Each structure stands twice: as structure tokens, then as C-alpha cells.
Amino acid sequence: GAVVSQHPSRVICKSGTSVKIECRSLDFQATTMFWYRQFPKQSLMLMATSNEGSKATYEQGVEKDKFLINHASLTLSTLTVTSAHPEDSSFYICSSKPPSYNEQFFGPGTRLTVL
Amino acid sequence: GENVEQHPSTLSVQEGDSAVIKCTYSDSASNYFPWYKQELGKRPQLIIDIRSNVGEKKDQRIAVTLNKTAKHFSLHITETQPEDSAVYFCAASLSGGYQKVTFGTGTKLQVIP
């Protein structure tokens with residue numbers, strides 16, 4: 001299967017700071033990547049669809065100015081949580097898929113803790 | 001948009017028994033239904049999927065059934081083992097292209113040795 005990596009795996013930051021999470025497709029070109037957020041004991045909620053070379057599409061209720069997405073190449077998408085607050089503490093997971101697949105391949109996730 | 005409901009939220013079974021998880025979806029256009037297993041702190045892993053032109057699919061101890069008319073699909077795990085304990089998510093999407101996936105609410109399965 002295809003491989004998606006994510007970095008960092010864990011990050012702890014102070015309230016008010018910004019945190020950048022990277023998502024990379026290692027063995028395929030990803031025109032589109034998806035960013036999910038998962039709170040403890042809850043499901044994965046799609047935050048936004050990241051499109052290479054164009055603006056991301058955000059789901060209803062997700063603040064685009066708070067969660068900045070950049071998809072500057074076919075293998076890298078970044079999610080920046082700006083002015084992070086404790087309520088942003090969550091598990092952030094990206095996914096993508098090669099064009100010929102139905103299956104989504106997920107990154108290993110990033111555990112964000114905002115103090 | 002698509003809405004996927006999943007039941008039960010928790011399920012405890014004795015080792016060796018079967019486990020069944022049920023999901024319903026709202027968008028009749030959805031035609032791809034994956035099931036994921038997620039262990040604590042890890043990424044979801046695809047365990048089986050089914051497309052809408054198929055009513056049932058089986059892979060060893062795992063099977064999925066789909067009733068497109070009723071917009072229901074179910075996961076069946078037979079001869080459960082302790083290592084099957086995890087959270088399971090159903091999902092629905094359109095196949096092809098870069099279609100977003102809508103997840104169910106999850107079922108925490110506990111297999112008691």
C-alpha cells in the first residue's frame with residue numbers, strides 16, 4: 001500500500017503559540033490530502049481538504065484563519081494551528097490516496113497538547 | 001452532506017463469539033464503504049471495504065454486508081480473538097477521484113478472554 005508520513009508525532013506547546021504539522025506522501029503524488037481531527041473517544045472529523053496549488057476547502061465550522069493549510073507540492077501538505085488554545089488539543093491525522101485507489105491511506109497522526 | 005450512524009457504541013463479547021456492528025448512511029450517491037480498525041493512539045487501518053455493486057464481501061473472519069436500498073451496511077467478525085479488541089469505524093464515500101470520507105461514530109469492541 002501507499003505510505004503517508006506525518007511529523008511531528010507529538011507536540012506540546014504553550015497557549016497562544018502556533019504549531020505546524022507536516023503530512024507527506026512518500027511513494028505517490030497527492031493532488032489532494034485530507035486533514036482530520038479526533039478528540040478522545042470520538043470519531044474522525046474532517047476539517048479540510050487540501051488541494052495542491054490552490055486554496056483548501058474547509059468543512060463547516062472549521063475556522064480557516066485558525067487552521068492554515070498549505071499544499072505547495074504534490075507530496076507535502078502542512079496544517080498550522082495558529083494561536084493554539086487548550087481546546088485545540090487533539091489528535092490530528094492526514095490522509096490521501098493514489099489516483100487509482102479507493103482506499104485512503106492515513107498518516108500516523110500528531111498528538112497536540114496545548115498547555 | 002453525508003451522515004453515517006453507527007451502533008452499538010460499545011460491544012463486549014466472549015472470545016470465540018461473533019461481533020456485529022451496524023451502520024446506516026444518508027446519501028444514496030455514496031458507493032464505497034470502508035471499515036477501519038483503530039487502536040489507541042494509532043492511525044485507522046482499513047480492514048475490509050465494499051462497493052455498492054456488491055452485496056457481501058468476506059475476508060477470513062471478517063465479512064461486510066451492504067443493503068443499498070435500505071442504506072445499511074454491517075461488519076461481522078466471527079471467532080473473535082482478544083487482539084480484535086479496538087475501536088471500529090464504518091465510513092462512506094464516493095469512489096474514484098479524491099472523494100472525502102465520512103466516518104461513523106465508532107464502536108469500541110472488547111473481546112473477553
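Here the structure is a predicted model, which is why all the values come from computation and not from measurement.
- Heavy atoms of E103(A) lying under 4.5 Å from chain B belong to its backbone as well as its side chain.
- For chain B, the nearby parts of T31(A) are the backbone and the side chain; heavy atoms of each come within less than 4.5 Å.
- Separation of atoms CG (L46(B)) and CZ (F105(A)) is listed at 8.0 Å; rounding is to 0.5 Å.
- In E15(B), the CD atom is crowded: over 12 heavy atoms of neighbouring residues, nucleotides or ligands sit closer than 6.0 Å.
- If you measure heavy-atom distances from I93(A) to chain B, the contacts under 4.5 Å come from the side chain alone.
- Within a 6.0 Å sphere centred on CG of L115(A), other residues, nucleotides and ligands contribute more than 12 heavy atoms.
- Under a cut-off of 6.0 angstrom, the local environment of NZ in K55(A) is sparse, with at most 12 non-hydrogen atoms contributed by other residues, nucleotides or ligands.
- Note that CE of M45(A) is 8.5 Å distant from OG1 of T102(B), once rounded to the nearest 0.5 Å.
- Residue H7(A) places its NE2 atom among 12 or fewer non-hydrogen atoms of other residues, nucleotides or ligands, all under 6.0 Å distant.
- With rounding to the nearest 0.5 angstrom, the NZ atom of K41(A) is 15.0 Å from the OG1 atom of T105(B).
- Closest of all the heavy-atom pairs between Q38(B) and F91(A) is NE2-CE2, 4.1 Å.
- With a threshold of 4.5 angstrom between heavy atoms, F103(B) approaches chain A through its backbone and through its side chain.
- With a 4.5 angstrom heavy-atom cutoff, Y36(A) touches chain B only via side-chain atoms.
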Kindly determine whether V101(B) and F34(A) satisfy side-chain contact (heavy atoms from CB on, under 4.5 Å), including the steps that lead there.
-> CA-CA 9 Å; V101(B) 176; F34(A) 300 97; over 6 Å; no
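- Applying the 6.0 Å contact sphere to CD of Q81(B) captures more than 12 heavy atoms from other residues, nucleotides or ligands.
- The two atoms that bring G104(B) and S43(A) nearest to each other are O-OG, 2.5 Å, heavy atoms only.
- For chain A, the option among P44(B), P34(B), G106(B) with the highest count of heavy-atom pairs below 4.5 Å is P44(B).
- The hydrophobic cluster containing F89(B) does not contain I47(B), counting ILVMFWY residues as joined when their side-chain heavy atoms lie under 4.5 angstrom apart, directly or transitively.
- When heavy atoms are compared at a cutoff of 4.5 Å, Q6(A) does not approach chain B at all.
- Under a cut-off of 6.0 angstrom, the local environment of CD in Q60(B) is sparse, with at most 12 non-hydrogen atoms contributed by other residues, nucleotides or ligands.
- Among the candidates K108(B), K42(B), K100(B), the residue making the largest number of heavy-atom pairs closer than 4.5 Å to chain A is K100(B).
- A chain of hydrophobic side-chain contacts below 4.5 Å, direct or via other Ile, Leu, Val, Met, Phe, Trp or Tyr residues, connects V111(B) to W35(B).
- The two residues P108(A) and R43(B) make their nearest non-hydrogen contact at CB-NH2, 3.5 Å.
- Under a hydrophobic-cluster definition in which Ile, Leu, Val, Met, Phe, Trp and Tyr are linked whenever side-chain heavy atoms come within less than 4.5 Å, directly or via other members, V81(A) and L68(A) are assigned to different clusters.
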Yes or no on side-chain contact (heavy atoms from CB on, under 4.5 Å) for Q104(A) and Y36(B), after CA distance, side-chain angles and deciding distance?
-> CA-CA 10 Å; Q104(A) 292 272 344; Y36(B) 295 92; 3.9 Å; yes
